[in-house]
There are 2 protein chains.
Amino acid sequence: MPKKIEKIYSLQEALKKIGKKYDLLIIDAINQLNGRARFNQILTAIPTINPRILSMRLKDMERNRLLTKHLILGTPIKTEYELTEKSKELIEIIDRLKQWYQKNC
Amino acid sequence: MPKKIEKIYSLQEALKKIGKKYDLLIIDAINQLNGRARFNQILTAIPTINPRILSMRLKDMERNRLLTKHLILGTPIKTEYELTEKSKELIEIIDRLKQWYQKNC
DNA sequence: ATTACTAACTATACTTTTTATAGTTTATTT
DNA sequence: AAATAAACTATAAAAAGTATAGTTAGTAAT
């Protein structure tokens with residue numbers, strides 16, 4: 001997509017990156033867990049998500065550089081997902097969404 | 001849901017109101033059309049949406065007081081959808097999302 | 001008086017996404 | 001050898017979204 005047109009659709013494009021049902025919830029959950037969290041911690045923090053979707057979303061968000069995956073060898077092997085600068089910049093937007101809900105709903 | 005618990009989940013609850021695929025796009029489209037727009041204008045402004053989904057989303061957003069529906073009698077009969085105060089307060093959040101995309105993607 | 005036109009939908013069948021639930025893998029501890 | 005733990009993966013079913021065509025109501029043109 002050419003640069004000029006990109007600007008027009010940037011909301012649409014932004015939502016392609018973080019507009020799926022659980023994207024912002026995952027970022028928020030990791031943030032509440034100090035910016036770095038394990039698979040099962042995220043699973044517990046979001047009561048309605050199921051492991052299949054979480055796994056798929058994490059993989060996708062890693063590809064989009066919203067998360068960094070860290071393997072912690074040992075037994076059992078552990079994984080940690082860390083927010084990137086890119087996703088940290090969404091925290092403020094997430095907080096505004098919460099404020100909007102508190103005020104209006 | 002009790003008030004105390006509500007706060008914890010307010011992102012989840014906020015996304016229930018405006019987290020579906022086209023909700024923010026519809027609000028943005030109407031805003032670009034000066035805060036009030038016709039069905040077919042919105043349909044044209046969002047190239048990928050189809051009339052079935054638009055119709056359903058508009059109905060739902062009206063129920064949630066994100067939009068006000070106005071009937072304009074005449075021939076053919078026209079409808080206009082207007083942003084409410086509640087949805088106007090989302091415009092700033094939408095703009096921040098666009099800025100986030102411009103900066104990071 | 002039929003035909004055409006327009007806005008705003010609605011119907012139907014199909015595809016994609018998400019859910020629910022159970023099972024797998026790897027490597028210890030007991 | 002059996003149990004435990006973390007991080008998934010498999011399968012079938014339900015929900016959401018897509019594509020395309022058709023409906024309704026009321027003029028306006030032929």
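First the proteins, then the strands, lettered A, B, ... as listed; each starts at 1.
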Legend entry - Partner set under side-chain hydrogen bond (donor to acceptor under 3.5 Å, both in side chains) for Arg52(A), not counting sequence neighbours: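 Testing Arg52(A) for side-chain hydrogen bond (donor to acceptor under 3.5 Å, both in side chains), a comparison that skips the adjacent residues, returns none.
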Inset, instruction - With sequence neighbours left out, write down each residue that passes side-chain hydrogen bond (donor to acceptor under 3.5 Å, both in side chains) with Ser55(A), or none if nothing qualifies. - result: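 Ser55(A) satisfies side-chain hydrogen bond (donor to acceptor under 3.5 Å, both in side chains) with no other residue.
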Provide, to the nearest angstrom, the distance between the [atom1] atom belonging to [X] and the [atom2] atom belonging to [N].
X	N	atom1	atom2	value
Leu73(A)	dA6(D)	CG	P	16 Å
Leu58(A)	dT9(D)	CG	P	11 Å
Leu71(A)	dA7(D)	CG	P	10 Å
Lys16(B)	dA16(D)	NZ	P	12 Å
Leu54(A)	dA7(D)	CG	P	10 Å
Gln12(A)	dG17(D)	CD	P	14 Å
Asp60(B)	dG17(D)	CG	P	10 Å
Lys69(A)	dA6(D)	NZ	P	16 Å

Report the residues that fulfil side chain to side chain contact (heavy atoms under 4.5 Å, CB included) with [X], sequence neighbours left out, ordered by chain and then residue number.
X	value
Gln32(B)	Asp28(B), Lys98(B)
Thr79(A)	Phe39(A), Lys69(A), Leu71(A), Tyr81(A)
Ile72(B)	Lys78(B), Glu80(B)
Leu33(B)	Ala37(B), Gln41(B)

Inset, instruction - Any chance you could measure Met61(B), atom CE, to Thr84(B), atom OG1, to the nearest 0.5 Å? - result: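 Met61(B) atom CE to Thr84(B) atom OG1 measures 8.5 Å (nearest 0.5 Å).
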Is any side-chain nitrogen or oxygen of [X] closer than 4.0 Å to OP1 or OP2 of [N]?
X	N	result
Thr79(B)	dA7(C)	no
Tyr81(A)	dA6(D)	no
Ser55(A)	dC8(D)	no

Partners meeting salt bridge (charged side-chain N to carboxylate O under 4.0 Å, His left out) with [X] (sequence neighbours left out):
X	result
Lys88(B)	Glu85(B)
Asp60(A)	Arg57(A), Arg63(A)
Glu62(B)	none

Inset, instruction - Give me the residues of residues 34-43 of chain B where at least one heavy atom lies under 4.0 Å from an atom of DNA chain C, by number, or none. - result: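 The answer is Arg38(B), Phe39(B), Asn40(B).
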Inset, instruction - Would you indicate whether the side-chain heavy atoms of Tyr101(B) and Ile18(A) approach each other to under 4.5 Å? - result: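 With C-beta onward as the side chain, the pair stays apart.
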Legend entry - Under 3.5 Å: donor-acceptor pair, side chain of Trp100(A), backbone of Ile93(B):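 Side chain of Trp100(A) to backbone of Ile93(B): no pair is present.
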Inset, instruction - Kindly point out which of dA7(D), dT9(D), dC9(C) is positioned nearest to the side chain of Lys59(A)? - result: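 For Lys59(A), the side-chain atoms sit closest to dT9(D).
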Inset, instruction - Would you mind building the protein contact string for nucleotides 16-21 of chain C? One character per nucleotide, 5' to 3', B for base within reach (heavy atoms under 4.0 Å), S for sugar-phosphate only, - for untouched. - result: --BBB-
What protein N or O atoms touch nucleotides 22-30 of chain D N or O atoms at under 3.5 angstrom, if any, and at what distances?
unit_1	atom_1	unit_2	atom_2	d
dG26(D)	O3'	Thr75(B)	OG1	3.4

